[in-house]
Amino acid sequence: MTLVYFAWVRQKIGKGEEQFTLPANVRDVASLVAHLKTLGPGYADAFADPARLRVAVNQQHGGFDTKIADGDEIAVFPPVTGG
Amino acid sequence: MKTRIQIQADDFDIAAELDALALNTDAGAVASFIGRVRREGDLSALTLEHYPKMTEAEIARLVAEAQNRWPLLAVTVLHRVGRLEPGARIVLVAVASAHRKAAFEACEFLIDYLKTQAPFWKEESRGNERHWVAARQSDDQAASRWRK
């Protein structure tokens, strides 16, 4: 699957996009984020507070309970500030 | 319905866009909103990041929702990205309809929803510092009042 990050999420992790193999026990966004937090200090910092994060799955807004599958694109970002 | 959605770095020509919007329609009313970079203290620039694969699709969803709720003849949404200076135009939302109530309401709905749904992020430059703008509760409240 593809993970994409924006704004300070991208800055804390140090990259805007990565390819990722979904572990067998990761089925939804919440468990994906819990897993990503363990990958390093940048990830832990970026994902420290779920209340400050929003997600999109295949370019549609989702939530932490959204189910995910291999081949999906998951984006993690702060609340949007356009307009 | 005519829909024009464009994400671009370049500035846009408001007069030309508003004229084009109503062209070849039965519109008696055109309503618009222009968002600009507010001059504020030592702000030197605002940089807009976006999610290219999602931005236009999300705005198209918002426009489809507006079309469901109001009798619209044409909608234009232009949004700039990249580095913008104080006073620069950021966004144009313009709506054509037969009568003004639908045009005013749909225009306000679209900008309220764009500000809470469309995947853009603003970063301010002040002196040597850069700082991500935080989303505002007032924007969430503005969007929620349109909930049916």
Side-chain angles (χ1 to χ4, degrees), chain A residues 1-20 22 28-29 32-33 36-37 41-83, chain B residues 5 7 33-38 46-62 64-65 77-82 84 89-93 107-124 130-140 142-143:
Chain A
M1 65 179 7
T2 306
L3 302 176
V4 289
Y5 311 119
F6 295 96
W8 54 254
V9 176
R10 173 179 55 75
Q11 285 176 339
K12 287 176 190 282
I13 292 172
K15 52 188 142 168
E17 180 168 333
E18 58 184 331
Q19 295 305 313
F20 186 75
L22 195 61
D28 61 16
V29 170
L32 173 67
V33 170
L36 290 174
K37 279 169 85 163
Y43 291 94
D45 189 16
F47 300 133
D49 184 0
R52 298 180 70 208
L53 299 174
R54 301 288 181 269
V55 294
V57 178
N58 300 324
Q59 297 92 45
Q60 305 222 41
H61 286 291
F64 276 68
D65 54 357
T66 303
K67 297 278 176 277
I68 59 179
D70 226 352
D72 282 345
E73 177 169 291
I74 317 294
V76 188
F77 42 80
V80 302
T81 54
Chain B
I5 298 168
I7 314 301
F33 170 80
I34 292 117
R36 300 166 79 236
V37 180
R38 228 179 355 265
L46 196 64
T47 303
L48 279 119
E49 181 173 337
H50 75 302
Y51 182 1
K53 285 164 82 173
M54 184 176 172
T55 329
E56 282 189 42
E58 185 65 24
I59 294 173
R61 279 189 281 270
L62 302 179
E65 178 64 24
V77 179
L78 305 181
H79 200 300
R80 295 176 69 189
V81 290
L84 302 176
R89 287 180 270 271
I90 304 172
V91 61
L92 168 69
V93 174
C107 186
E108 195 169 6
F109 167 88
L110 282 169
I111 185 63
D112 284 349
Y113 263 76
L114 186 152
K115 287 180 85 66
T116 57
Q117 297 289 106
F120 298 97
W121 298 274
K122 289 173 176 163
E123 190 182 30
E124 292 182 340
R130 297 179 67 137
H131 150 82
W132 293 97
V133 173
R136 295 186 188 202
Q137 212 180 356
S138 55
D139 287 331
D140 282 327

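Remember, it's a predicted structure, so these values are computed and weren't measured experimentally. Below, read A as the first sequence line, B as the second, and so on, with proteins coming before strands; counting in each chain starts at 1.
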Quick one: donor-acceptor pairs between chain A and chain B, under 3.5 Å, side chains and backbone, table format.
| residue | atom | partner | partner atom | Å |
| --- | --- | --- | --- | --- |
| A/A7 | N | B/E49 | OE2 | 3.0 |
| A/R10 | NE | B/E49 | OE2 | 3.1 |
| A/R10 | NH2 | B/E49 | OE1 | 2.7 |
| A/Q11 | OE1 | B/W132 | NE1 | 2.7 |
| A/Q59 | O | B/R61 | NH2 | 2.8 |
| A/H61 | NE2 | B/Q117 | O | 2.7 |
| A/E73 | OE1 | B/K53 | NZ | 2.8 |
| A/E73 | OE2 | B/Y51 | OH | 2.5 |
| A/P78 | O | B/W121 | NE1 | 2.8 |
| A/T81 | N | B/F120 | O | 2.9 |
| A/T81 | OG1 | B/K122 | N | 2.9 |
| A/G82 | O | B/K115 | NZ | 3.3 |
| A/G83 | N | B/H79 | NE2 | 2.9 |
| A/G83 | O | B/K122 | NZ | 2.7 |

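Heavy-atom distances place both the backbone and the side chain of A/A7 under 4.5 Å from chain B. Of the two parts of B/A118, only the backbone, made up of N, CA, C and O, holds a non-hydrogen atom closer than 4.5 Å to a non-hydrogen atom of chain A.
Residues B/P119 and A/V80 share a closest heavy-atom pair of CA-CG1, 3.8 Å.
Residue pairs meeting the salt bridge (Lys or Arg N to Asp or Glu O under 4.0 Å) criterion with at least one member in residues 74-83 of chain A, sequence neighbours excluded, do not occur.
Take A/F64 and apply the ring-ring contact (aromatic ring centres under 6.0 Å, His included) test, not counting sequence neighbours, and it matches no residue.
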